[in-house]
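The block underneath contains the structure these notes are about, expressed in structure tokens.
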Protein chains: 2
Amino acid sequence: MTGPSITIKDVAALAGVSPATASRVLSGNPATSAESRQKVAAAVAELDFHPNAQARALRSTRTNVIGLLLSDVRNPFFADLAHAAEQAALAEGLVTLLGNANESIPQQDRYLDTFISQRVDGVIAAPQGEGSSSLHALLERDIPTVFVDRTVDGVDVPSVTTDSDSGIRQAVEHLARQGHERVGYIAGPQSTSTGRDRLKSFSRAAREFGLSTDPALTYIGDFQSASGSAGAHHLLGLAQPPTALLAADSPMAVGALATLNRKGLRIGHDMALIAFDDIEWFSLLDPPLTVISNDVEAMGRTAVRLLLEVIDGHKPESVVLPSELVVRASSGTPDPSLGQP
Amino acid sequence: MTGPSITIKDVAALAGVSPATASRVLSGNPATSAESRQKVAAAVAELDFHPNAQARALRSTRTNVIGLLLSDVRNPFFADLAHAAEQAALAEGLVTLLGNANESIPQQDRYLDTFISQRVDGVIAAPQGEGSSSLHALLERDIPTVFVDRTVDGVDVPSVTTDSDSGIRQAVEHLARQGHERVGYIAGPQSTSTGRDRLKSFSRAAREFGLSTDPALTYIGDFQSASGSAGAHHLLGLAQPPTALLAADSPMAVGALATLNRKGLRIGHDMALIAFDDIEWFSLLDPPLTVISNDVEAMGRTAVRLLLEVIDGHKPESVVLPSELVVRASSGTPDPSLGQP
DNA sequence: CGATTCCATGGAAACGATTCCACGACGTCG
DNA sequence: CGACGTCGTGGAATCGTTTCCATGGAATCG
């Protein structure tokens with residue numbers, strides 16, 4: 001079908017040098033004469049030579065490929081994260097192999113196995129559940145790994161996560177100041193570190209700011225929008241329903257919003273709503289959504305930086321990025337006249 | 001750092017067979033005895049052996065990796081498409097290398113070069129602009145390629161695209177029936193086939209259904225949300241502003257929505273709005289958005305199927321998927337009493 | 001019962017790059 | 001003026017797998 005592809009030998013022959021010299025020129029080895037460099041470059045251009053990455057990786061054990069394992073690309077948070085990490089990696093000359101665990105442990109394992117077989121230089125993962133078998137295989141092989149967004153208990157790997165606590169405290173304080181006493185919390189799955197941490201932060205802050213600690217006000221979702229709808233539905237049906245809702249991620253906030261719309265309740269008026277994670281169009285809703293915002297771009301960038309350090313044999317400190325409340329109109333100011341200046 | 005990794009020789013030695021036999025077992029070659037199969041399988045499990053994909057690909061020229069080149073992962077349409085294609089590929093035993101051209105031709109070229117170097121088995125691309133140099137390098141090498149969503153004029157490659165025309169005709173007809181006469185169109189960039197096709201369809205349908213063909217009613221955007229905002233702003237400022245807006249993709253619809261909100265205009269009431277591409281939360285807006293919907297999942301699946309056929313040496317027919325109007329409340333029924341049954 | 005086919009197997013070449021090692025030419029220093 | 005370090009270069013080994021080819025034993029057939 002395809003003719004025999006051009007190899008470095010063809011380049012060397014055309015340039016009138018040995019394959020060894022051609023290789024040195026291509027990999028930027030300083031032990032080359034200006035003349036060779038020039039001739040090899042000309043030959044490469046002439047033949048439109050693209051070195052075979054497999055052969056290169058086989059010999060040199062560097063692939064310049066990193067694996068990025070996410071739980072769901074369709075979640076805008078992870079899409080943004082993927083974008084940020086990919087751009088940061090590209091700037092370092094690394095190509096990203098994206099794996100989508102799709103909220104499934106077997107699929108996560110499948111991708112991790114692929115990463116191992118592809119001999120990626122490192123892995124950035126937002127891990128699912130409690131440490132799968134392949135995750136351990138990864139670490140046993142000393143494949144450089146960092147966690148992003150989530151961590152796994154008992155697994156000592158550098159990570160970059162969000163300090164959910166500060167943002168949630170601010171949100172709870174904000175709601176308390178507005179006079180809310182019963183705040184419904186739509187939590188993430190307790191099998192993820194973020195799901196657990198955010199719930200803990202919420203409970204603590206609720207106690208601290210004197211909100212109701214009624215356990216019925218907490219609904220455990222799964223970070224997907226359908227569970228947000230279900231959660232809102234459940235909370236609104238309580239004998240003493242909440243006057244405000246806080247959702248632990250954006251898809252669940254979207255789901256809750258759908259339920260509110262269906263019931264004819266207007267956010268910021270009949271019911272306050274705050275979402276964790278900021279999404280571009282949240283500010284475009286009417287009224288715009290109050291959110292707990294975190295710097296996804298920084299998270300992706302930092303994850304790549306940490307991974308590079310691990311690859312270089314260091315053991316970097318984990319990074320915790322701040323989150324902060326961005327107040328918009330959905331969180332129900334009692335007196336609308338107190339608007340922006 | 002890491003000890004010498006285990007190779008197929010170690011497996012063979014432990015199993016008491018030759019590397020050749022071990023290889024045959026691993027690749028499912030039928031010329032193996034049950035006994036060898038059993039012994040090799042045991043050795044693989046014992047050593048937790050993961051074959052080196054580089055060496056394998058180097059020798060066999062199959063990598064089981066496909067490249068997927070998109071213009072923007074953060075656009076929900078492409079995120080869904082990536083997800084669909086990835087899942088379909090995975091079901092066929094192929095791993096997806098995702099490249100994000102990020103609306104930039106140099107970055108598209110960079111990823112295509114990487115795909116070539118990685119010797120991917122095939123490429124699925126939503127091409128940018130008018131055929132970059134690397135795109136031609138790809139085709140000259142006879143690397144199996146299919147286009148998805150978009151095509152490039154003069155490049156004869158199988159593709160899977162959406163028949164924008166039917167959906168747009170339905171939308172225009174729908175608006176005309178509602179009594180709209182001046183419909184503003186926020187178009188995509190004319191450097192993409194989808195941008196051009198959809199504009200042509202709109203113009204033709206507008207003529208056909210007796211809408212105004214005033215050229216001022218068309219604003220050319222770039223498929224990103226900011227241009228949607230700008231487009232809406234421009235159209236609303238016309239001496240004779242439109243009574244309905246049609247946006248050629250979802251981010252631009254979001255941008256237009258932002259502008260409408262800012263001006264205090266309610267969709268479905270003061271201004272009809274229809275978006276091309278359906279996004280989960282569009283139906284959750286208040287009022288829900290009327291959209292032209294296309295089956296993204298089928299598009300991803302079909303792209304993988306076409307690619308597999310090209311890899312097998314066939315020349316499959318291009319596929320055009322239907323689009324259809326999904327009427328919701330944003331497209332302004334004059335008489336609200338004519339609701340659902 | 002001898003000849004032919006079939007089948008599982010092992011040895012060795014091959015894939016396309018990198019890199020170790022040796023080598024010759026050159027400049028420098030004692 | 002001879003010894004030595006430096007520098008660019010080429011030959012050859014190497015990475016870990018697949019696959020071609022040859023081989024020997026079992027099974028089948030006339």
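Heavy atoms only: backbone and side chains are in, while hydrogens, waters and symmetry mates are out.
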Main chain of A/R110, side chain of A/D113: is a donor-acceptor contact present, judged purely on distance under 3.5 Å? no
Does D/dG11 have its OP1 or OP2 closer than 4.0 Å to a side-chain nitrogen or oxygen of A/S18? no
Check the distance between C/dT18's C1' and A/R56's CZ and give it to me in whole angstrom. 9 Å
Nearest-nucleotide check on DNA chain D, B/K9 vs A/E35; residue mapping nearer the 5' end is A/E35
For a quick test of reading the model: is some side-chain N or O of A/T21 closer than 4.0 Å to OP1 or OP2 of D/dG8? no
Pairing donors with acceptors under 3.5 angstrom, does anything connect the side chains of B/Q107 and B/Q128? no
Whole angstrom is fine here: how far is it from CG in B/N29 over to C1' in C/dC6? 15 Å
Give none if C/dC6 has no partner; otherwise give the nucleotide forming a Watson-Crick or G-U wobble pair with it, both distances under 3.5 Å. D/dG25
Selected nucleotide, minimal atom distance to B/S33 side chain, candidates C/dT9, D/dT17, D/dG8: C/dT9
Could you check which of D/dC20, D/dC15, D/dT9 has an atom nearest any side-chain atom of B/R24? D/dC20
Quick check on D/dT18: is either OP1 or OP2 less than 4.0 Å from any side-chain nitrogen or oxygen of B/S23? yes
From CG of A/L58 across to P of D/dA13 the rounded distance in Å is 17 Å
Does one side chain, of A/T32 or A/R37, offer a donor that lies under 3.5 Å from an acceptor on the other? yes
Grab the CZ-P distance between A/R119 and D/dC15 for me, whole Å please. 14 Å
Look at the side-chain N and O atoms of B/S60 and state whether any lies under 4.0 Å from the OP1 or OP2 oxygen of D/dT17. no
DNA chain C: 5'-proximal contact among B/A22 and B/T61 (nearest heavy atom): B/A22
Rounding to a whole Å, what distance do you find between A/N52:CG and C/dC15:P? 12 Å
Among C/dT18, C/dG10, D/dG10, which nucleotide sits nearest the side chain of A/A20? D/dG10
I need the CG-C1' distance between B/N64 and D/dT18, as an integer number of Å. 14 Å
Any side-chain N or O of A/S36 under 4.0 Å from OP1/OP2 of D/dT9? yes
Could you state the CD-P distance from A/Q54 to D/dT14, rounded to the nearest angstrom? 23 Å
Is the closest side-chain donor-acceptor distance between B/H83 and A/N102 under 3.5 Å? yes
Tell me the interatomic distance from A/R59, atom CZ, to D/dA13, atom P, rounded to whole angstroms. 12 Å
Partner lookup for D/dG30, please. Criteria are Watson-Crick or G-U wobble with both distances under 3.5 angstrom; report none if nothing qualifies. C/dC1
Considering only heavy atoms from C-beta outward, does the side chain of B/T302 approach that of B/R305 to under 4.5 Å? yes
